[in-house]
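Every chain is numbered from 1 and lettered A, B, ... according to where its sequence line falls, protein lines coming before strand lines.
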2 protein chains.
Amino acid sequence: MRRAEFHTGPAPAAGDPAGRPGPLPPCRPAPSGDSGSAPAPGPGPRVPEGYDPGAFEPFAVTVDLAVFTVREGRLHVLLVERGAEPYLGSWALPGGFVLPRESAERAARRELAEETGLSEETAGALHLEQVRTYSDPDRDPRMRVVSVAYAALVPDLPEPRGGGDAARARWTPYDARGPLAFDHELILADAYDRVGAKLEYTCLATAFCPPEFTLGELRQVYETVWGVELDRPNFRRKVLTTPGFVQAVEKAPRRTGGRGKPAALYRAGRATTLHPPLLRPEGRTA
Amino acid sequence: MRRAEFHTGPAPAAGDPAGRPGPLPPCRPAPSGDSGSAPAPGPGPRVPEGYDPGAFEPFAVTVDLAVFTVREGRLHVLLVERGAEPYLGSWALPGGFVLPRESAERAARRELAEETGLSEETAGALHLEQVRTYSDPDRDPRMRVVSVAYAALVPDLPEPRGGGDAARARWTPYDARGPLAFDHELILADAYDRVGAKLEYTCLATAFCPPEFTLGELRQVYETVWGVELDRPNFRRKVLTTPGFVQAVEKAPRRTGGRGKPAALYRAGRATTLHPPLLRPEGRTA
DNA sequence: TCAAAAGTGTTGCACCTACACCCATGG
DNA sequence: CCATGGGTGTAGGTGCAACACTTTTGA
């Protein structure tokens, strides 16, 4: 169904459901009809196929964040409670608009800092993984919104209470979350799949850990995200024999995780990929 | 650098460099300020951080396609010659605008059909892989364009001569391409990396083959994309012992690839992932 | 009869799995 | 002392790399 009103004049309804002012974007010149990605017109006055002025209906571009952390042996995801219709009161992924002069990744880092209460520098150092872009025309009932989804992996952080938007944010156990607003259920599932897969063949797991960590903590990341138990001795060998995965912290003494023998500390190494990969146990059989 | 003209009125220059009419999109109502991905305003009249009316500057959303095929033992990519400034005469990835009522994937399939001259049904069955979204504010010198990149894998096709945009399209050897317009060099490299990686742990290689293929053809896909030689006997065993990767075509006799013993024919199986993966030879050592 | 590609067999190594066992600490 | 987690050792299995070999076609 085409939106004919875009060709006949402004559509009705400019009010914001949340009561905020609804600024009208000014009319703007049409793009040239051929962009970095658009089909270039052939030589001559021919109008290329697929060209439609409606194509220039402005899209809103946003980012959605699936922020994961491992907390008390469970995978948690950062969710925010919606304060406006639609889905008022529902939980949703944090996110926001991409501003005119920023890239989607910068927008994602900005939102990440806002929602977690971290400084922009700290947030800038965190691992951000672009997952997918969601562009179904009906994914937002109010307007056309194209959203770039990012997965962020953070070590265990305090409950977000940084003021601002962070006040609405909560760490929620991944498997105890309720239904999410919009298509955020799908986005979160995709992000989870991506993270699980990347643990297999990259050093990504260290992104869930503080700067210095024990092999037990690192192993718990795998076990928590994958939902399996790994053999401790074998995991240790695999990590230590993969060059560049971790590097020992020599001078530092040892740290205990409550009971048991104190463990040696490690830092993330320089390597980014694992060769050969560290396959999930199910991968062997499935 | 902000584009002040968007807040002060229409900017100059509405004409298309190619001489086509430059339709002006009508003014439209502002979005509610909170979208499926936008920060929901907190309870109360507070204006959430990060809110900026400029965020509603309309973005153009496009798709870019990296269409790969294996031809005469070389990896080829489909490129189009630009017929308008900027980058007039340069080569670029095919692509185009996402229309108001279609998803990015549907737009990609539509463009794929247009550029290759295939029917929409045929193109609809081809493998499309969303690679990444490119959103640098300056990636197009004329306006803000956010582009969703897709990689498409097709079996060897005739030279695109379907009329329309396809007339400008050419199959180009991947390693003999010139510099590309915009950031398409980066997009193409990302798409190539993704395809190469996915060959390792998915059954994607069959997408490069016709419906019925020999194991030699399948092996050549790997060898061509990865740029390595694989041991024929070991490759055969790996493929045949991976359940669901390929299934033999019983009744069909055999087919020759020129000289040599005729080979048995196979079809793609039902599996989509490879467990354990088929690692690149370098993966073992690197 | 030779080149080229398909297909089978075999050996050895690399890596992973599983499990047994010792070490160090807190209760 | 024992429970808990860190750390070491070792035997067996799986799967892959490497390479030798036979088969079947076209030139």
Side-chain angles (χ1 to χ4, degrees), chain A residues 70 72-73 199-201 209 212-224 226 228-243 245-246 248-250 252-266 273-286, chain B residues 72-73 199-201 209 212-224 226 228-243 245-246 248-250 252-266 274-286:
Chain A
V70 172
E72 293 159 13
L199 288 188
E200 290 194 323
Y201 54 95
C209 297
E212 299 192 342
F213 52 87
T214 69
L215 294 186
E217 291 164 347
L218 187 64
R219 182 172 44 86
Q220 198 179 294
V221 169
Y222 280 90
E223 293 181 332
T224 303
W226 286 348
V228 298
E229 281 207 354
L230 299 179
D231 185 85
R232 219 182 327 107
N234 294 335
F235 178 83
R236 174 188 183 80
R237 260 186 297 267
K238 174 66 182 173
V239 170
L240 291 183
T241 60
T242 300
F245 194 171
V246 297
V249 177
E250 295 291 356
R254 310 183 151 223
R255 191 174 72 179
T256 173
R259 277 192 299 282
K261 180 177 175 178
L265 288 178
Y266 295 86
T273 58
L274 259 46
H275 272 295
L278 177 51
L279 298 177
R280 296 156 142 106
E282 299 89 330
R284 287 271 146 198
T285 48
Chain B
E72 293 158 16
L199 288 189
E200 289 193 324
Y201 56 95
C209 298
E212 297 190 343
F213 52 88
T214 70
L215 294 186
E217 291 165 346
L218 186 65
R219 182 172 44 84
Q220 198 180 295
V221 169
Y222 280 91
E223 293 181 334
T224 304
W226 287 347
V228 298
E229 282 208 353
L230 299 179
D231 183 84
R232 219 180 329 103
N234 293 336
F235 178 83
R236 174 188 184 79
R237 259 187 297 268
K238 174 66 183 174
V239 170
L240 293 183
T241 60
T242 300
F245 193 170
V246 297
V249 177
E250 294 293 355
R254 309 180 150 226
R255 191 173 73 177
T256 173
R259 275 193 300 283
K261 179 175 176 176
L265 288 178
Y266 295 86
L274 259 47
H275 271 294
L278 178 49
L279 297 177
R280 296 156 142 106
E282 300 88 329
R284 285 271 146 198
T285 47

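- Look at CG on Leu230(A): it is 16 Å from C1' on dC19(C), rounded to the nearest Å.
- Following rounding to the nearest Å, Phe235(B) (CZ) and dA17(D) (P) show an atom-to-atom distance of 12 Å.
- The side chain to side chain donor-acceptor pair (under 3.5 Å) check on Arg219(B) picks up Glu223(B), with sequence neighbours excluded.
- Remark: Tyr201(B) engages Tyr201(A) in a ring-ring contact (aromatic ring centres under 6.0 Å, His included) (not counting sequence neighbours).
- Per the geometry, CD belonging to Glu217(A) stands 16 Å off C1' belonging to dG7(D), to the nearest Å.
- Distance CG (Leu218(A)) to P (dG7(D)): 12 Å, rounded to an integer number of Å.
- Judged purely by atom type and a 3.5 angstrom limit, Tyr266(A) has no side-chain atom pairing as donor or acceptor with the backbone of Leu215(A).
- When the C1' atom of dA5(C) is taken as reference, atom CD of Glu223(B) falls 12 Å away, rounded to whole Å.
- In this structure, the separation between CH2 on Trp226(B) and CG on Leu278(B) is 4.5 Å, given to the nearest 0.5 Å.
- For Arg280(A) and dC16(C), the CZ to C1' distance is 18 Å, given to the nearest whole Å.
- Residue Phe213(B) is tested with Val249(B), Leu265(B), Val246(B) for a side chain to side chain contact (heavy atoms under 4.5 Å, CB included); the sole match is Val246(B).
- Between the C1' atom of dC16(C) and the CG atom of Leu240(A) lies a distance of 15 Å, rounded to the nearest Å.
- The side chain to side chain donor-acceptor pair (under 3.5 Å) test applied to Asn234(B) returns Asp231(B), Arg237(B), not counting sequence neighbours.
- One interatomic measurement links the two molecules: CG of Leu215(B) to C1' of dG7(C), which rounds to 10 Å at whole-angstrom precision.
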Taking only nitrogen or oxygen atoms into account, show me every contact under 3.5 Å that the protein makes with nucleotides 18-24 of chain D, one pair per line with its distance.
unit_1  : atom_1 : unit_2    : atom_2 : d
dA18(D) : N7     : Asn234(B) : ND2    : 2.9
dA18(D) : N6     : Asn234(B) : OD1    : 3.1
dA18(D) : N6     : Arg237(B) : NH2    : 3.2
dT24(D) : O2     : Lys261(B) : N      : 3.3

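- With DNA chain C read from its 5' end, the first of the two nearest nucleotides for Pro277(A) and Arg236(B) is the one closest to Arg236(B).
- Mapped onto DNA chain C by nearest heavy atom, Arg232(B) and Lys238(A) fall at different nucleotides, with Arg232(B) at the one closer to the 5' end.
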